[in-house]
**Student:** 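Have a look at the structure that comes next, please.
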2 protein chains.
Amino acid sequence: MTGTSKSALRADATRNVAQIRAAALDAFHGRGLATPLEEIAKIAGVSKATIYNRFGGRDGLIDAVIGELVATEMYAIMERAQQVADPWECIATYVSDRRDLQYREPAFTDTLRMAYPESKNLIALANKATDVTTELLHRAHEAGVVRRDFTAADLYYADIANGLALAAMPKPARADYDRRTGFFLDSLRPQ
Amino acid sequence: MTGTSKSALRADATRNVAQIRAAALDAFHGRGLATPLEEIAKIAGVSKATIYNRFGGRDGLIDAVIGELVATEMYAIMERAQQVADPWECIATYVSDRRDLQYREPAFTDTLRMAYPESKNLIALANKATDVTTELLHRAHEAGVVRRDFTAADLYYADIANGLALAAMPKPARADYDRRTGFFLDSLRPQ
DNA sequence: AAGCAACTTGACCCTATAGTCAACTTGACG
DNA sequence: CGTCAAGTTGACTATAGGGTCAAGTTGCTT
């Protein structure tokens with residue numbers, strides 16, 4: 001063999017893969033995972049068909065970039081929460097950080113929604129988030145800092161609703177958004 | 001003249017108008033105001049072009065049915081709230097009734113969102129709802145039963161978010177939905 | 001019952017997006 | 001440096017929905 005590369009890709013194909021990834025990151029960041037592939041192709045300077053050749057379509061492309069786009073930040077959020085000792089601060093940090101990521105990254109809401117069930121990496125992320133939510137909420141319930149009748153499904157519903165509103169309306173000012181997150185957090189307390 | 005009718009519509013056209021209205025009420029009720037016109041035409045037993053002939057398109061059709069579809073219930077909600085003496089119960093009733101209507105009638109969320117700005121009747125309804133919300137919230141603030149930093153825009157945002165989630169996800173069980181409405185109401189209280 | 005304006009409609013066109021493929025181009029190896 | 005597999009792409013198909021119109025049909029008036 002001539003190198004350490006494991007791929008049989010030709011040089012031009014390798015370059016195109018890199019350009020398409022970069023374009024997808026850029027486009028998904030601004031518009032979410034539903035960005036038309038033709039637009040991504042244009043940014044990358046290739047034709048739409050090349051995306052199908054290299055990634056097999058939107059699902060494969062999502063699989064290829066969701067890590068850099070969302071997974072990194074999501075894992076940071078989960079770890080950050082896990083490091084907060086105070087039970088209430090733990091859940092409050094987790095919820096606030098999720099809301100922050102929704103505000104900055106529409107693709108995060110697409111991930112939570114499992115908008116592309118064929119993308120394995122996306123589904124894995126969504127499931128991981130669900131697991132962590134369940135776990136943190138369980139602890140919060142045990143500690144008595146979150147009302148017993150508030151479930152993981154309730155948090156899921158509220159966050160999807162929030163993400164859809166963000167996508168469908170003019171983006172609210174950060175201050176308004178954060179105040180609303182505060183309201184939501186208040187509603188979690190017992191009584 | 002041969003009758004008291006003010007319209008110059010021929011008998012077959014009159015019949016079609018009635019059938020289209022009925023079909024639109026039915027379809028909008030189930031699917032919201034975005035139902036494809038072709039589907040409404042099929043239910044009505046006419047061609048899509050006839051809807052354009054009689055109503056001028058979706059906006060005109062919405063204008064023709066939004067009253068029966070949403071306005072009646074919306075005015076009932078506003079009057080019901082206005083009749084509750086206790087300031088907190090007043091706002092709680094108003095918010096709960098809006099959520100209930102969202103659950104039963106997707107077109108109500110379309111109205112709140114002003115999803116069809118060309119439909120005058122829809123816009124008038126949306127504005128009326130905004131006025132009443134502002135007025136009731138003002139009273140609630142005066143009475144000190146709702147936190148000062150909760151604004152009409154906050155209620156608007158929350159209700160749009162809720163309506164979008166209802167449309168995008170499997171409909172939650174009524175009990176879950178009502179519990180979440182309860183959480184939301186709790187978040188309005190001072191502190 | 002004949003004529004005509006009112007009415008309806010099938011068959012269009014247009015937009016946007018996903019997805020496919022035959023034919024052309026090009027990188028890399030012997 | 002010629003060969004050809006790998007790679008690219010323009011042009012295509014398909015789906016879904018909005019919107020329009022020439023041509024045909026029908027209710028109404030006299």
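Each chain gets a letter, A, B and so on, in the order its sequence line appears, and its residues count up from 1.
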**Student:** Please give, in whole Å, the distance from dG17(D) C1' to Lys42(B) NZ?
**Tutor:**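 Going from Lys42(B) (NZ) to dG17(D) (C1'), I get 15 Å.
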**Student:** Please state how far atom CG in Leu37(B) lies from atom P in dT20(D), giving the value in whole angstrom units.
**Tutor:**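 It is 12 Å, rounded to the nearest whole Å.
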**Student:** Out of dG19(C), dT17(C), dG10(C), which has the shortest distance to the side chain of Ala49(B)?
**Tutor:**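 My answer, after comparing the listed nucleotides, is dG10(C).
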**Student:** Same cluster or not: Val84(A) versus Leu185(A), using hydrophobic residues (I, L, V, M, F, W, Y) connected whenever any side-chain heavy atoms lie under 4.5 Å apart?
**Tutor:**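 Result: no, two separate clusters.
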**Student:** Go through dG10(D), dT20(C), dC7(C) for me and flag the one nearest to the Tyr52(A) side chain.
**Tutor:**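 My answer, after comparing the listed nucleotides, is dT20(C).
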**Student:** Tell me: CG of Asn53(A) to C1' of dG10(D), nearest whole Å?
**Tutor:**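 So the two atoms are 13 Å apart, to the nearest Å.
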**Student:** How do Pro36(B) and Arg54(A) order along DNA chain D: which one's closest nucleotide is nearer the 5' end?
**Tutor:**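 Per heavy-atom nearest nucleotide, the more 5' residue is Arg54(A).
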**Student:** Answer yes or no on whether Arg99(A) is positioned over the face of Tyr177(A), meaning its NZ or CZ is under 6.0 Å from the six-membered ring centre and within 45° of the axis.
**Tutor:**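 No, a cation-pi geometry is absent between Arg99(A) and Tyr177(A).
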**Student:** Does Asp97(A) pair with Arg80(A) as a salt bridge, N-O distance under 4.0 Å?
**Tutor:**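 Salt bridge present between Asp97(A) and Arg80(A).
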**Student:** Phosphate oxygens OP1/OP2 of dT9(D): is one of them under 4.0 Å from a side-chain N or O of Thr50(A)?
**Tutor:**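 Answer is yes, contact under 4.0 Å.
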**Student:** Does the Lys NZ or Arg CZ of Arg98(B) fall within the cation-pi geometry relative to Phe108(B) - under 6.0 Å from the ring centre and within 45° of the axis?
**Tutor:**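 No cation-pi geometry.
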**Student:** Glu38(B) has an atom CD; how far is it from atom P of dT9(C), in whole Å?
**Tutor:**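 Result: 13 Å.
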**Student:** Within this structure, what is the CG-to-P distance between Leu9(A) and dT26(C), rounded to whole angstrom?
**Tutor:**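 So the two atoms are 18 Å apart, to the nearest Å.
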**Student:** Kindly point out which of dT8(D), dG19(D), dC7(C) is positioned nearest to the side chain of Lys48(B)?
**Tutor:**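 It is dG19(D).
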**Student:** Using the side-chain heavy atoms of Ser47(B), tell me which of these nucleotides is nearest: dG10(C), dT9(D), dT8(D).
**Tutor:**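 The answer is dG10(C), which lies nearest to the side chain.
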**Student:** Determine, for Tyr103(A) and Arg174(A), whether the Lys NZ or Arg CZ falls below 6.0 Å from the six-membered ring centre while staying within 45 degrees of the axis.
**Tutor:**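 Positive - Arg174(A) is close enough to the ring of Tyr103(A) and near enough to its axis.
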**Student:** Are the charged groups of Arg139(A) and Glu135(A) less than 4.0 angstrom apart, N to O?
**Tutor:**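 Looking at Arg139(A) and Glu135(A), the cut-off is met.
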**Student:** With a cut-off of under 6.0 Å to the ring centre and 45° to the axis, is Arg180(A) in cation-pi contact with Tyr157(B)?
**Tutor:**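 Because its charged atom sits under 6.0 Å from the ring centre and within 45° of the axis, Arg180(A) does stack over Tyr157(B).
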**Student:** Sort me out a list of protein N/O and nucleotides 23-27 of chain D N/O pairs below 3.5 Å, or just none if empty.
**Tutor:**
unit_1, atom_1, unit_2, atom_2, d
dT26(D), O2, Arg10(B), NH1, 3.1
dG27(D), O4', Arg10(B), NE, 3.3

**Student:** Whole angstroms only, please: what is the CD1-P distance between Ile51(B) and dC7(C)?
**Tutor:**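 Between P of dC7(C) and CD1 of Ile51(B): 16 Å.
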